[in-house]
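Here is the structure we will look at.
Numbering of residues begins at 1 and proceeds along the displayed sequence. Every number for a ligand or one of its atoms is a count from 1 in the order of the listing.
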Amino acid sequence: MSIVVARQLCKDYVAGDIVVKAVREVSFTIEPASFVSFVGPSGSGKTTLLNMIGCLDPPSSGSLEVAGKDVTGLNSNKSAIFRGENIGFIFQDFNLIPVLTVFENIEYPLIMVQNWPVQKRKKQVEKMLEAVGMTDQGHKYPNQISGGQKQRVAVARALVTNAKLVLADEPTANLDRKTASRIIDLMKAMRDEFSTTFIFSTHDQRVVKNAEIIFRLEDGELQTESNGQGGDS
Ligand SMILES: Nc1ncnc2c1ncn2[C@@H]1O[C@H](COP(=O)(O)OP(=O)(O)OP(=O)(O)O)[C@@H](O)[C@H]1O
Ligand SMILES: [Mg+2]
């Protein structure tokens, strides 16, 4: 079963008389445990497409399957439940909750969505802290750690519910080059360990090289698919 199947996917933004065709008849298939990047210039439709895959914004036309479910016409309640159970998100500006510790930030999705018993939750958070190399940082608050460490925490938080799909819109945009490539390496290591599918967007050519499958967007249209240089698929 493919993890994402998009067929003739379109997104139009309408404001008065003006229609912006942000995504135009895009079709593609992504297999489980892939490491995929959408790349393209500013305004090419990367965020719009990721928001549709993440069930944050419905398509205008076409069809979309995520994790075996047709999500094309899901209402916002059902989308929220589906997201919570299936998809993890990593953001450009980390989006950690400042009043919660690192440990509590990672634990949060488990409390919100899955309602795990306390002991099982603690074990799972400790496992994720270790996986991202932050074992001894759990007691700190977000303002006490670096940008790269914040993004490590965000990676752990995205994976803590055992999501099969993680979406990351420009996850390295606020990081220096070296830290950016470490975060991409970490995401790839998480893919190897947990068989999670990662889909990230970037307009940084140096970052995109680390993807195994690259989809290029131009003016909302999908250009040819290519293999990255860093991968084996
Ligand atoms: N909410 C909105 N309402 C109207 N137009 C929008 C909206 N969101 C995006 N657009 C338009 O849709 C097109 C695609 O935007 P999108 O944000 O998906 O691009 P992007 O590739 O993510 O760009 P960037 O690299 O700058 O993040 C652009 O022309 C943008 O102006
Ligand atoms: Mg964007």
Side-chain angles (χ1 to χ4, degrees), residues 3-30 34-66 71-77 79-80 83 87-96 147-148 150-151 154-155 157-158 163 165-177 179-181 183-184 187 197-226 228:
I3 188 96
V4 183
V5 182
R7 293 191 192 92
Q8 315 258 262
L9 206 57
C10 295
K11 182 72 188 183
D12 300 337
Y13 290 112
V14 183
D17 293 345
I18 300 167
V19 178
V20 177
K21 293 188 169 300
V23 170
R24 309 171 190 233
E25 305 218 348
V26 162
S27 300
F28 58 88
T29 300
I30 294 173
S34 303
F35 200 69
V36 180
S37 182
F38 283 93
V39 64
S42 183
S44 59
K46 303 182 296 295
T47 297
T48 304
L49 190 54
L50 284 185
N51 285 349
M52 287 194 281
I53 299 170
C55 304
L56 292 160
D57 208 8
S60 304
S61 62
S63 75
L64 181 63
E65 264 172 45
V66 178
V71 298
T72 315
L74 278 192
N75 67 29
S76 65
N77 267 346
S79 296
R83 271 199 307 277
I87 308 174
F89 292 89
I90 298 170
F91 302 92
Q92 172 174 335
D93 49 6
F94 321 124
N95 276 18
L96 302 182
K150 282 182 198 159
Q151 206 56 313
V155 170
R157 180 182 58 183
L165 174 63
V166 170
L167 301 176
D169 194 6
E170 308 263 3
T172 62
N174 287 326
L175 301 172
D176 63 75
R177 192 181 161 189
T179 310
S181 83
I183 288 295
I184 298 293
M187 292 186 347
T197 308
F198 277 83
I199 305 177
F200 64 100
S201 74
T202 182
H203 47 233
D204 186 339
Q205 289 301 328
R206 293 175 306 224
V207 169
V208 82
K209 273 197 278 187
N210 294 312
E212 290 171 357
I213 299 168
I214 300 166
F215 291 111
R216 285 180 198 285
L217 283 170
E218 193 86 44
D219 260 340
E221 286 181 0
L222 195 58
Q223 310 298 305
T224 47
E225 175 186 343
S226 59

Please check if the side chain of [X] supplies one atom and the backbone of [Y] the other of a donor-acceptor pair under 3.5 Å.
X: N75; Y: N77; answer: yes
X: Q151; Y: F91; answer: yes
X: S201; Y: E170; answer: yes
X: K46; Y: G40; answer: yes

Kindly list each side-chain donor-acceptor pair under 3.5 angstrom involving residues 48-63, sequence neighbours excluded, with atom names and distances?
residue, atom, partner, partner atom, Å
D57, OD1, K11, NZ, 3.4
D57, OD2, Y13, OH, 3.4
S60, OG, D12, N, 2.8

Next on the checklist: Please output the residues near ligand 1 using a strict heavy-atom distance under 4.0 Å, listed in chain and residue-number order.
Outcome noted: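 Its neighbours under 4.0 Å (heavy atoms only) are Y13, V20, A22, P41, S42, G43, S44, G45, K46, T47, T48, E170, H203, given by chain and number.
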Checklist entry - When the ring planes of F28 and F215 are compared, do they come out parallel, tilted or perpendicular, using 30° and 60° as the limits? => result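 Taking F215 first and then F28, their aromatic rings sit tilted (interplane angle of 30° to 60°).
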Item to check | Contact check: T47 to the Mg ion (ligand 2), N/O/S below 2.8 Å | outcome: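 T47 does place an N, O or S atom closer than 2.8 Å to the Mg ion (ligand 2).
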